[in-house]
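One structure is given below, encoded as structure tokens.
All residue numbers refer to positions in the sequence shown, counting from 1.
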Amino acid sequence: MNENYYIYKLARVEDKTTYHYVDVDMDSGITENAVYYGLTQDPKMRLSKHRPLKGQDISMIVMKQFDNAWEALEHEAHLVAAHYRAFGAPELQGMANSGHRGA
């Protein structure tokens, strides 16, 4: 089992992307075209689960790696809050444990 935790964003792109394509940009931050920020231990598997629900024009960008879930969760929440302040709520972002289902 992978012991690392990855923070990623899903962003809309103009072209259909390949089904398991995951980009890595550790210097990446929030962007206006991001529709979701998340946490996973297996980026390719997670993207394959997002694609049928969120669309074929979704690209996954791994933004940061952590060796523990608590710091990863903190970073994910920071990104969502920063995106909300800059651009409004990410289009497909739900709010875990809040009862809010997102768009």
Side-chain angles (χ1 to χ4, degrees):
M1 175 148 173
N2 188 349
E3 297 295 323
N4 294 312
Y5 299 85
Y6 302 94
I7 299 298
Y8 64 91
K9 65 182 169 186
L10 299 179
R12 294 237 185 258
V13 293
E14 291 188 25
D15 297 322
K16 179 179 174 181
T17 59
T18 60
Y19 206 74
H20 295 285
Y21 179 75
V22 175
D23 193 10
V24 177
D25 184 355
M26 295 298 188
D27 294 324
S28 183
I30 63 167
T31 54
E32 192 167 5
N33 69 334
V35 295
Y36 184 88
Y37 297 89
L39 166 65
T40 186
Q41 286 188 284
D42 187 343
K44 286 187 178 186
M45 187 221 31
R46 189 68 187 118
L47 178 59
S48 72
K49 291 185 178 189
H50 276 304
R51 291 287 300 268
L53 300 172
K54 293 183 170 59
Q56 299 298 308
D57 63 341
I58 293 294
S59 173
M60 177 184 274
I61 300 97
V62 174
M63 304 170 70
K64 197 152 178 89
Q65 176 181 327
F66 292 88
D67 60 5
N68 71 75
W70 303 114
E71 289 178 325
L73 285 166
E74 177 184 42
H75 189 72
E76 177 191 12
H78 170 76
L79 290 170
V80 172
H83 186 102
Y84 173 77
R85 288 184 190 106
F87 310 114
E91 175 187 347
L92 301 175
Q93 194 80 41
M95 292 169 31
N97 303 318
S98 71
H100 178 73
R101 300 262 183 229

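Residues L79 and Y5 are members of one and the same hydrophobic cluster, defined by side-chain heavy-atom contacts under 4.5 angstrom among Ile, Leu, Val, Met, Phe, Trp and Tyr. Follow the hydrophobic side-chain contacts under 4.5 Å out from M63 and you reach V80 in the same cluster. The hydrophobic cluster containing L39 does not contain V62, counting ILVMFWY residues as joined when their side-chain heavy atoms lie under 4.5 angstrom apart, directly or transitively. Residues M26 and I61 do not share a hydrophobic cluster, defined by chaining ILVMFWY side chains whose heavy atoms lie under 4.5 Å apart. Under a hydrophobic-cluster definition in which Ile, Leu, Val, Met, Phe, Trp and Tyr are linked whenever side-chain heavy atoms come within less than 4.5 Å, directly or via other members, I58 and I30 are assigned to different clusters.
Pairing each heavy atom of I7 with each of F66, the nearest pair is CG1-CE1, 3.7 Å. Counting all heavy atoms, side chain and backbone alike, P90 lies closest to H83 at CG-CD2, 3.5 Å. Minimum interatomic distance between L92 and Y36 (heavy atoms only, all atoms of both residues): O-CD1, 3.5 Å.
Rounded to the nearest 0.5 angstrom, T31 OG1 and K9 NZ are separated by 3.5 Å. Taking CG of N33 as the reference point, atom OG of S59 lies at 8.5 Å (rounded to 0.5 Å). Atoms CG and NZ, from N4 and K64 in turn, are 13.0 Å apart once rounded to the nearest 0.5 Å.
The main-chain N or O of Y37 is found under 3.5 Å from a side-chain atom of Q93 such that the two form a donor-acceptor pair.
Scored by the side chain to side chain donor-acceptor pair (under 3.5 Å) test, D25 finds no partners at all (sequence neighbours excluded). For T40, there are no side chain to side chain donor-acceptor pair (under 3.5 Å) partners at least two apart in sequence or on another chain. For E32, the side-chain contact (heavy atoms from CB on, under 4.5 Å) partners at least two apart in sequence or on another chain are F87.
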Let me check something: any side-chain donor-acceptor pairs from residues 68-76 under 3.5 Å, sequence neighbours excluded? List them with distances.
{"from": "N68", "atom 1": "OD1", "to": "W70", "atom 2": "N", "distance (Å)": "3.2"}
{"from": "N68", "atom 1": "OD1", "to": "E71", "atom 2": "N", "distance (Å)": "2.8"}
{"from": "N68", "atom 1": "ND2", "to": "E71", "atom 2": "OE1", "distance (Å)": "2.9"}

